[in-house]
Every structure is written in structure tokens, then in C-alpha cells.
Number of protein chains: 2
Amino acid sequence: MKENNVTINSIAKSLGISVTTISRVLNGLGEQYRISKKTIELVKVTADNLNYSPNNIAKGLRLKKSSTIGLIVPDITNAWFAQLAFGIENEARKHHYNIFLCNSNDDIKVEKKTISLLQNWMVDGIIIAPIGLDCEHLVKASKSGTPLVLIDRFFEGVDLPYISSNDYEGSLDANQYLIDNGHKKIACFQGIVGTSPNKQRLEGYKQALKNNKIAFNPELVMGNDFGFNNGYTSAKKLIKNLAKTNITAIFSMGNQITLGLLKAFKEEGVQIPNDISIVSFDEQIYSDLLFTPMSTVSHMSENLGDMSLKMLFDQFDKNENTKPKNVVLKSKLIIRDSVKNLKLKN
Amino acid sequence: MKENNVTINSIAKSLGISVTTISRVLNGLGEQYRISKKTIELVKVTADNLNYSPNNIAKGLRLKKSSTIGLIVPDITNAWFAQLAFGIENEARKHHYNIFLCNSNDDIKVEKKTISLLQNWMVDGIIIAPIGLDCEHLVKASKSGTPLVLIDRFFEGVDLPYISSNDYEGSLDANQYLIDNGHKKIACFQGIVGTSPNKQRLEGYKQALKNNKIAFNPELVMGNDFGFNNGYTSAKKLIKNLAKTNITAIFSMGNQITLGLLKAFKEEGVQIPNDISIVSFDEQIYSDLLFTPMSTVSHMSENLGDMSLKMLFDQFDKNENTKPKNVVLKSKLIIRDSVKNLKLKN
DNA sequence: ATGAAAGCGCTAACAA
DNA sequence: TTGTTAGCGCTTTCAT
């Protein structure tokens with residue numbers, strides 16, 4: 001903690017002027033209160049000389065406003081969330097807001113704790129990519145006066161403003177694309193079971209099968225984590241039984257999963273797309289540069305930061321009749337070389 | 001801002017007990033002050049029922065301690081810093097500290113502003129990956145009572161504790177490796193000129209040349225940014241004159257630069273390592289999975305978060321004679337397939 | 001075993 | 001044009 005004892009109080013004393021005047025001048029309210037130019041100048045100069053800087057904590061206590069926004073993501077290491085955080089932080093700074101960064105680690109307990117921690121910090125609002133297993137604590141937070149914006153995931157039938165990716169559609173498209181290329185036995189490498197994006201993506205997978213009259217086989221759905229290791233171990237298992245199972249394609253629900261999976265395939269000499277086809281969620285800057293250019297579902301938006309922050313600020317005005325409109329990001333299938341067309345003879 | 005009006009004051013009133021007692025009980029000091037078990041129980045239960053949660057801002061003002069740490073990185077989107085942030089945040093949470101995340105965008109002005117902003121927030125300390133162009137403001141901050149830990153970069157002859165990567169050695173190794181493989185005309189794709197890692201890596205490059213009696217040619221050093229686009233455009237330029245210049249290898253100073261460069265080469269059909277060899281700074285989880293497995297300089301440590309936080313906490317104790325020891329992360333050359341051995345006939 | 005009161009640094013209603 | 005003062009919610013010294 002900085003040990004700068006220069007306060008408006010100390011300035012006031014040393015100048016023989018009241019704190020009010022100091023406060024006013026330093027907040028640019030000198031004109032408004034018709035404080036004499038002499039005084040204004042004097043205050044400004046001495047504040048400068050003494051290297052005064054306001055104590056935001058005291059300000060926050062007084063104003064009941066912290067100029068701080070909480071950002072909760074599952075994992076800042078995930079490029080998608082890093083980009084989100086970057087956008088938000090940059091935009092927030094322009095508005096003189098600070099960002100509390102918190103990782104929930106996709107752990108609902110951590111998420112709940114974090115929410116209340118942030119509330120104790122009197123954050124002016126929270127932007128959160130929720131785990132999605134539960135939303136009671138979110139509703140409670142919102143009701144108790146902490147504006148919320150959900151990002152990436154939302155809750156059906158719950159009145160919390162959100163910016164969501166169209167996970168369902170993205171998944172549907174990806175799997176339809178696989179099916180269009182003649183794939184019928186498609187393994188599904190999933191993330192954390194029960195989380196909202198996982199549910200949506202699984203729904204899309206199932207629906208695509210259904211639309212094409214392919215029976216859903218729960219044994220083809222594997223894994224329970226969005227991380228690299230999950231992809232790696234699942235892939236190793238899959239490779240063992242590849243001949244038996246006749247699986248010809250994989251639908252991967254996350255970029256980290258996909259990397260793990262690629263690593264395993266590389267180690268085992270499995271060729272993509274010759275031996276197995278892949279479509280993966282999450283377009284990345286390197287998707288095109290992998291040893292097999294990856295077909296991906298992209299669901300990023302450049303101005304995600306602006307958008308989410310704006311949705312939050314809109315709530316600050318408390319104008320009940322201007323509820324922020326929810327946003328659904330379009331997802332887009334980017335086709336590259338990781339899927340083999342089984343309908344073509346080769 | 002949460003509008004929870006439950007304060008120790010309101011509890012005190014409703015219970016007809018003094019705030020002092022409430023405060024003591026709620027801070028677990030009941031025993032110590034020999035408050036009767038009845039009262040303790042009563043206070044705890046009502047606090048719970050009323051859903052009381054302490055106002056950290058008020059606490060901070062009183063205690064002159066914010067339980068908050070500022071983290072300044074150039075760009076959270078860069079995987080290296082994301083990993084750092086993840087580690088720090090996780091560790092900080094265990095100690096009930098919050099993290100203010102700030103991107104400096106490699107802009108020294110932003111860095112300076114951010115430092116003073118964080119100081120106004122009374123952060124208990126700052127962990128920063130400084131731009132490296134200047135350190136006056138850092139020294140000032142440190143002297144004024146805000147403990148600092150520099151990460152990734154440091155300043156020679158300046159008494160600020162740091163955890164640094166051994167950029168110089170890493171660069172020296174990488175370039176020696178290229179030279180050992182018969183490369184003499186090595187282009188250097190650099191990041192932001194003047195920043196500390198860039199300087200160090202450039203030094204390593206120069207030294208490697210010198211050690212092998214190869215003249216340094218400033219025209220071979222190109223670019224001025226750690227981003228993707230810089231790699232891309234520099235590579236495009238380089239390709240145009242590839243035949244003329246006889247450049248056989250590239251030393252890239254950052255992973256994002258390398259991705260841009262790969263993109264350009266892919267577009268232009270330039271083969272790696274046949275047409276040109278590459279060694280890149282920054283090992284990434286996908287380095288092995290690129291269309292040409294990339295030889296990289298790795299300089300990450302798993303427990304970077306713990307370490308940097310610990311260095312900060314050590315300073316809190318203000319025990320002057322236990323100054324934290326600086327740490328230099330070993331850099332390690334990881335050899336893959338992106339360098340051609342020119343000494344072998346093919 | 002419990003409480004009164006001061007004060008952290010700031011803002012703003014009210015006064016003059 | 002400037003100042004007095006109360007109070008944001010909390011901790012802690014000093015009293016009892």
C-alpha cells in the first residue's frame with residue numbers, strides 16, 4: 001500500500017483553506033462554484049507539488065461506487081477468454097474503470113465464492129462467463145443490486161442479460177458438415193458435462209444425428225473437461241479401438257481438447273483426415289497453421305469487449321424500460337482440410 | 001454496486017449491541033475478548049440470517065490495506081502472460097487477495113498511467129511485466145511504498161526485485177544452433193525496439209554472430225512489434241527478395257510474430273525448413289503441432305504465479321534484511337524440425 | 001464482558 | 001466565493 005500521506009485534508013491545513021474547496025478544485029468543480037482563479041491555481045499547483053493523488057478507496061466508500069468491474073472467466077489461459085478480457089480491460093480503462101480478474105476454473109463453488117467476494121468489493125458490475133450448472137447465485141447477485149452481464153453462456157427462462165455464442169447452431173452445422181461428407185460414426189469429445197456450452201453443443205450434435213436419422217450412441221460421447229489432457233487421453237483410448245469401432249470422425253468441443261487430440265494422433269501416427277476426420281469448436285489464430293489445417297466453428301467477435309461493457313453500463317442508468325437487448329453471436333463454420341469426404345472414391 | 005444495507009451498524013442497532021462487539025465476533029475475536037457464548041452465537045446467527053457481508057472498501061480505508069494486487073502485462077492475449085495471470089490469480093485467491101488486471105499494450109504512457117491508477121487504488125503491491133523503456137516511474141512507485149515485482153524483464157543496476165527470463169542466453173543458444181547448422185545469413189524478426197526483452201534477444205543474436213565471426217548486418221533486423229501482423233508483413237517483404245538476399249534462416253523473437261510469418265510462408269508456398277529455417281522464441285502448447293514443428297526457445301515456469309506472489313508478500317513484512325532474491329528462469333532450446341542442416345548434402 | 005468514540009479520506013448538503 | 005459538518009462502514013483505543 002502506498003504511503004502517501006498527502007490528502008485533501010493535509011493540503012487544506014497547509015494552505016489554510018477548507019477541504020471542500022480543495023475537493024471542488026481537484027474535481028474540476030472550481031468554475032462551477034465560482035472559486036477564485038487565484039485559489040484554483042494555488043490548490044492545483046500545491047497538489048501537484050505535493051504529488052497528491054486521490055484515495056479511491058475513500059472515494060468509493062463515500063460515493064458507494066467503486067469504479068470497478070468484476071470479470072469472471074473459467075480460465076484466462078483459454079485464448080477465447082483472454083481475448084475477451086483484453087477487449088473489456090481496454091474499453092474499461094477508457095471509462096476509468098478497473099477490472100478485477102477472476103478465474104473460476106470451471107468450478108461452481110469457486111464461482112459462487114467469487115461472486116460474493118466481488119460483491120464485498122462493491123464492484124459496480126460483473127461480467128461473467130458462468131459455469132452454467134446453476135444460476136441462483138447469479139440471480140441473487142443481480143437482484144441485490146449488482147448489475148450482471150452473462151457472456152458466452154446464458155440460462156433459458158432466466159432474466160439475466162447475456163451475450164451468447166450460438167453454440168447449438170454451431171454444433172449443428174459442424175456435425176451436419178461431417179455427415180454431408182459421409183461420416184456416420186462420429187465421436188464427440190466433450191468438455192465439462194452439464195456446463196451450458198457443453199449442453200448446447202451436445203444438443204447440436206444429437207440434433208444433427210437425428211436430422212439424418214442416425215441413432216445417437218452415448219458411448220461415442222467421451223471426456224469431461226475442456227483441457228488439453230482430456231483431448232489427449234480420450235484420443236489415446238479412441239485410437240486403441242479405432243479398427244473395432246469404425247469411428248471415422250471426431251467432433252471436438254474445444255480448442256484445447258483438439259490440441260491434445262492432435263498431439264495423441266501425431267504420436268500414434270494417425271493421419272488426419274485420412275484415418276480420421278475432425279471438426280473443432282473455437283477458431284484460433286493458429287487453426288490454419290496446424291499440421292492439418294483445422295476446420296473449426298468460429299464464434300468470436302472483435303468488439304465483444306465493447307459490447308459486454310456497454311450492456312453493463314446500460315444497467316447503471318437503471319432506466320427500467322431500457323433493458324439491454326441480449327446478443328447472440330453468430331457462429332461460423334470455417335472449412336479447411338481436416339475432414340475427408342467419404343463419398344468420394346480415392 | 002450491491003445495495004446490501006446490512007452493516008455491522010445495522011446489526012448492532014437491531015440487536016441492541018455495540019458495533020464493537022459485532023465487529024469482534026465477526027472477525028473471530030470473540031474468544032479473545034471473552035464475549036459471552038450467547039452473544040457470540042446471537043451475532044453470528046443474525047449476521048448469517050441477514051446475509052451480512054463486510055464492506056471491503058470500508059475495511060480497506062480503515063486498515064490502509066486493500067488486499068488487492070495490481071498485475072500489469074503488455075497483452076493478456078499473449079499466451080505467456082495469460083499463463084502468468086492464471087497462476088497469480090489462483091495463488092492470490094488462496095491468500096484472499098484480488099487481482100487488478102491491466103494491459104499496458106506495450107505503451108509506456110499507458111504503463112505510467114496504470115501504475116498511478118493502481119496506486120490510487122491503494123493496491124498492496126504490483127506485479128508488472130514492464131515495457132522496459134524506462135523505469136523511473138517504477139522506482140518512484142516502489143519508493144513511495146508500493147511493493148513491486150518485475151516479471152519477464154528487469155533493469156540493470158536498478159534495485160527492483162525481479163523474476164526474469166534469460167532472454168540473452170536463450171537468444172544466444174538459438175542463434176548458435178542456427179549457425180551450427182550452417183546458417184550465416186540469419187534474418188532477425190524483432191518485437192518492439194527498445195523494450196527489454198527485445199534488447200536482450202538482439203544482444204544474444206549479435207553475440208552469436210560475433211562468436212562465429214559473422215558480421216552483423218542491420219538490414220537483416222526487421223519489424224517493430226511483437227504481434228502477428230508484424231511477422232506477416234515482414235515475411236512477405238522477405239519473401240520478395242529471398243533469392244537476392246540469400247537469407248537462409250529467421251530468428252523470430254516472439255510466438256505471435258512466428259505465427260504471422262508462418263501464415264505468410266504458407267500463402268506463398270515457401271517451404272520450412274527447405275526454403276528457409278526458423279527458430280522462434282516462446283514455446284507454446286501448439287509449437288509441436290504446427291505444419292512444421294517449430295524449434296523454440298522455452299522460458300516458462302509452472303510456478304511463476306507462486307513465485308512472483310511470494311516475492312511480493314516477502315516485501316510486505318518489510319524486514320529490510322530479507323530482501324527477496326531475484327530469480328532468473330532458465331531458457332531452454334527445444335529442437336524440432338524447423339531448421340535445415342545446410343552442412344549435410346541432400 | 002461490553003461499549004463509546006475517534007478517525008481512515010472523501011463528498012455534499014447546508015450555511016454564510 | 002468559501003467553510004462547517006455529517007457520514008460512508010469499519011477497526012481499535014481507551015474506558016468501564
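A note on names: the letters A, B, ... follow the listed sequences, proteins ahead of strands, and every chain is numbered from 1.
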Exercise. Does any donor atom in the side chain of A:Thr68 or A:Asn98 lie under 3.5 Å from an acceptor atom in the other side chain?
Worked result: no

Exercise. Under 4.0 Å: is that the gap between some side-chain N or O of A:Asn27 and OP1 or OP2 of C:dT11?
Worked result: yes

Exercise. Thinking salt bridges, do B:Lys44 and B:Asp48 make one under a 4.0 Å N-O criterion?
Worked result: no

Exercise. What is the bend of the helix from C:dA1-D:dT16 to C:dA16-D:dT1 when you compare the axis at one end with the axis at the other, using five pairs each and rounding to 10°?
Worked result: 50°

Problem set entry | Note: A:Lys140-A:Glu136 ion pair, threshold 4.0 Å (strictly below) | no

For this session: Compute the centroid of each ring, for A:Phe86 and then for A:Phe81, and state whether the two points are separated by less than 6.0 Å.
Result: no

Exercise. When A:Val123 is tested against each of A:Leu117, A:Thr146, A:Ile99 for side chain to side chain contact (heavy atoms under 4.5 Å, CB included), which residue passes?
Worked result: A:Thr146

Problem set entry | Between D:dT12 (C1') and B:Lys65 (NZ): distance, integer Å | 17 Å

For this session: Could you check how far CG of B:Leu29 sits from P of D:dC10, rounded to whole Å?
Result: 15 Å

Exercise. Starting at CD1 of B:Ile11 and ending at P of C:dT2, how long is that distance when rounded to a whole Å?
Worked result: 16 Å

For this session: Tell me whether the OP1 or OP2 atom of C:dG9 has a side-chain N or O from B:Lys64 closer than 4.0 Å.
Result: yes

Exercise. Which ring pair (Phe, Tyr, Trp, His ring centres under 6.0 Å) pairs, counting each pair once, include a residue from residues 140-161 of chain A, with sequence neighbours left out?
Worked result: A:Phe154-A:Tyr162

At a cut-off of 3.5 Å, list every protein nitrogen or oxygen paired with a nitrogen or oxygen from nucleotides 2-6 of chain D, distance to 0.1 Å.
{"unit_1": "D:dT2", "atom_1": "OP1", "unit_2": "A:Ser36", "atom_2": "OG", "d": "3.4"}
{"unit_1": "D:dT2", "atom_1": "OP1", "unit_2": "A:Thr39", "atom_2": "OG1", "d": "3.0"}
{"unit_1": "D:dT2", "atom_1": "OP2", "unit_2": "A:Ser36", "atom_2": "N", "d": "2.7"}
{"unit_1": "D:dG3", "atom_1": "OP2", "unit_2": "A:Ser18", "atom_2": "N", "d": "3.0"}
{"unit_1": "D:dG3", "atom_1": "OP2", "unit_2": "A:Ser18", "atom_2": "OG", "d": "3.2"}
{"unit_1": "D:dG3", "atom_1": "OP2", "unit_2": "A:Thr21", "atom_2": "OG1", "d": "3.0"}
{"unit_1": "D:dG3", "atom_1": "O6", "unit_2": "A:Arg24", "atom_2": "NH1", "d": "3.3"}
{"unit_1": "D:dG3", "atom_1": "O6", "unit_2": "A:Arg24", "atom_2": "NH2", "d": "3.0"}
{"unit_1": "D:dT4", "atom_1": "O4", "unit_2": "A:Thr20", "atom_2": "OG1", "d": "2.7"}

Exercise. B:Leu61 has an atom CG; how far is it from atom P of D:dT12, in whole Å?
Worked result: 13 Å

Exercise. Expressed in angstrom and rounded to an integer, what is the separation of B:Ile22 atom CD1 from C:dA4 atom P?
Worked result: 12 Å

Seminar exercise, completed: Atom CG of B:Asn56 and atom C1' of C:dC8 are separated, to the nearest Å, by 15 Å

Problem set entry | Test item: side-chain donor near acceptor, A:Asn105 and B:Asn90, under 3.5 Å | yes

Problem set entry | Stepwise side chain to side chain donor-acceptor pair (under 3.5 Å) test for B:Ser67 and B:Lys65 | CA-CA 6 Å; B:Ser67 294; B:Lys65 173 172 174 343; 3.2 Å; yes

Exercise. Between D:dC8 atom P and B:Ile8 atom CD1, what is the distance in whole Å?
Worked result: 12 Å

For this session: Answer yes when A:Arg153 and A:Asp134 have at least one side-chain N-carboxylate O distance shorter than 4.0 Å, and no when they do not.
Result: no

Problem set entry | Gap between atoms CD and P, on B:Glu31 and C:dT2 respectively (whole Å) | 12 Å

